[in-house]
There are 2 protein chains.
Amino acid sequence: MERTRVTIEDVAAAAGVSVATVSRALRGLPNVAMSTRAHISAVASDLHYVADPMATRLATGRSRTIGCVVPLLGGWYFAQVVAGVEAVCAEAGFDLIVQSAGSAERLSDLANDAPTLQRRVDGLVMVDYALTDDNVAAFRTAGIEVVSVGAATGGFCTVGIDDAAVGEMAAQHLIELGHARIGLIGSTRTEPFRFAVPELRASGFRIALANAGIDHDPHLFADGNFSVGGGAEAMTSLLAMSSPPTAVFALSDEMAFGARRAAERAGLDIPGDISLLGVDDHELAALFDLTTVAQDPSAVGVSAARQLIARVDSEHNDDVHVVDRVVLPTRLVERGTTGPVHSA
Amino acid sequence: MERTRVTIEDVAAAAGVSVATVSRALRGLPNVAMSTRAHISAVASDLHYVADPMATRLATGRSRTIGCVVPLLGGWYFAQVVAGVEAVCAEAGFDLIVQSAGSAERLSDLANDAPTLQRRVDGLVMVDYALTDDNVAAFRTAGIEVVSVGAATGGFCTVGIDDAAVGEMAAQHLIELGHARIGLIGSTRTEPFRFAVPELRASGFRIALANAGIDHDPHLFADGNFSVGGGAEAMTSLLAMSSPPTAVFALSDEMAFGARRAAERAGLDIPGDISLLGVDDHELAALFDLTTVAQDPSAVGVSAARQLIARVDSEHNDDVHVVDRVVLPTRLVERGTTGPVHSA
DNA sequence: TTGAAAGCGCTAACAG
DNA sequence: CTGTTAGCGCTTTCAA
């Protein structure tokens, strides 16, 4: 068990060359004789030499680390995204720092910390945030590369799905089944996360209805706060209406789970009495036999991380087509919670 | 927008003192005149000076970063643990690096990387791993502080729950309801995660049965692989027995969800025909009205992170009682899936 | 193709 | 109480 670190100087001495040559040789830089390179490599592995990351980082100014900021660790969606980001980092040899910022204040703290952040990470994946101009300016002047996940913000590269299309697909499916009175379970919260998402999905949904000549009763909306419990409450309030909907579109599967339970508790048959449709294809959606518009959040994380790493690391420049916006596919997964409208 | 970093030298020059004094003053070290300290602080914040983390890390050899290694990012349990760890890191001013290692090979890769890992993190939280002697040796000789989550391994500080007690509580509850033929849905996988957990829970369960004078039919076991689908299959096979159980204990809520669905599909009433009990108190357990033995994985993460940080950072030495083993509470949450046995 | 030497920005003895 | 001076370990001109 060696007690002292073996440094580049040790290798240089043992190989009978200068540290500069060792540095070049080991990093595969040009202008090193084949023989010297081989010799140095041998000596280095012999000594179990590995370059000290901190020294390298200080000298180069790059950390081979990216950060991923999410509103909430531990939620299904965010956990999937982070998993995707991590997978890419692991394969690219990057470290991944995760931070959660669940409020606009915490987000600003982070932005104010941009100067030191810049030294700790080469870039940031910001998941589902609405960045203020100040936030954006802070990251920009600190020189931190940012890729955003979700709706576009701050003029950064954005990867996500087409949320309006999600709403359209949902509406379309329900319309085809003959539904006209369709309830919507969404959210009116805009701080700090998923800000534009509910509105985008809802608007796509409304547009599709309008295109079909159906005018949507704005009262058929209930706030489910993107939670299971909220979904249940929302469904309950929808069912309490004098003229309840024949179908309900929940903007997330978790809200749909709650909604389903509430409907069952109310003695309703699904889809006999009321159809239900969610978004996500959560891992438990199949179990609930929930029809849903599927997305793949881990693929979003993968794509975002690739875009980011391609921008900050010249070695990975060509791993991916660097673009300003990548839109990942969604698709309707028909299961058992939607069916033809029951004519009264 | 300043283009060049402001260094400690700039501050020293502007304040008319030496860099050493600036360093001491800003870090709150003793032996600095009150007046000088105040002056330096003023100048520093005036210049928006912040110490470069990388330079500090190289000079001190400490990174104020901890790592968290999990078998699988994106699973409910692990996401909760990571969330707890992150919360503590954020409040202690530590960065958190997350890595997933889903196989024994990836785990060994990580251990082999211990020398550079040691420079990048001050310590590691290893979640639900069975560390080999080689792994342990690698971390030890690299001087990486480790706290393990789950069952004890490698002689490191361990934080977790009493899994045997979990099994006992479950058995006890079912016994009190009069059940004697109780099925067990568990897992026989041991690599690389949750290794000892299923066995510990199962053994506690069996011991409680034995103490109650019930001899447990070993055929009443089915492998659910800790997944929803696996739980469903396991339940199906249990129900296919010539003499099926009157109650089933699933070693995790997710398996219980699947089991519940399978039972319902088979036309059985819960708890009328068969009782069902899980472990975790997953966020969706209430929705399924599932009786379960609750644990709080994010609290586990919090506790583990505190133990680790107290060990690696003298400033946080007293934040927590440093011990070798912390056991967090679990409790039975009675809901609607368990009921008295139906005498035939 | 290789080496010498000047950083990168901070900390930590050691003097004074 | 404060300043001087070596490092920390690697990268990167600039010469040779």
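Letters A, B, ... mirror the listed sequences (proteins, then strands); counts begin at 1.
Screening Arg119(A), Arg106(A), Arg120(A) against Asp113(A) for a salt bridge (Lys or Arg N to Asp or Glu O under 4.0 Å) leaves a single residue, Arg120(A). When each of Asp52(A), Leu26(A), Val22(A) is checked for a side-chain contact (heavy atoms from CB on, under 4.5 Å) with Ile8(A), only Val22(A) meets the rule.
In this structure, the side chains of Met126(A) and Asn135(A) stay at 4.5 Å or more apart for every pair of heavy atoms. Within the 4.5 Å cutoff, the side chain of Val85(A) has heavy atoms near those of the Ile66(A) side chain.
Counting heavy atoms of neighbouring residues, nucleotides and ligands inside a 6.0 Å radius, atom CD of Glu9(B) does not exceed 12 of them. For Arg62(B), the CZ atom sits in a loose shell: 12 or fewer heavy atoms of surrounding residues, nucleotides or ligands are nearer than 6.0 Å.
Here the range on DNA chain C touched by chain B, meaning any atom under 4.0 Å from one of its heavy atoms, is dG9(C) to dA13(C).
For the segment residues 18-40 of chain B, residues with any heavy atom less than 4.0 angstrom from an atom of DNA chain D are, sorted by number, Ser18(B), Ala20(B), Thr21(B), Arg24(B), Asn31(B), Val32(B), Ala33(B), Thr36(B).
Separating the CG atom of Asp52(A) from the P atom of dC8(D) is a distance of 11 Å, rounded to the nearest angstrom. Put simply, CD1 on Ile8(A) is 5 Å from P on dC10(D), counting in whole angstrom units. The nearest whole Å value for the distance from the CZ atom in Arg5(A) to the C1' atom in dC10(D) is 11 Å. Per the geometry, CZ belonging to Arg64(A) stands 15 Å off C1' belonging to dT11(D), to the nearest Å.
For Ala299(B), the side chain to side chain contact (heavy atoms under 4.5 Å, CB included) test picks out Asp296(B), Leu328(B), with sequence neighbours left out.
Salt bridge absent: Asp133(B) and Arg140(B) never bring a charged side-chain N and a carboxylate O closer than 4.0 Å.
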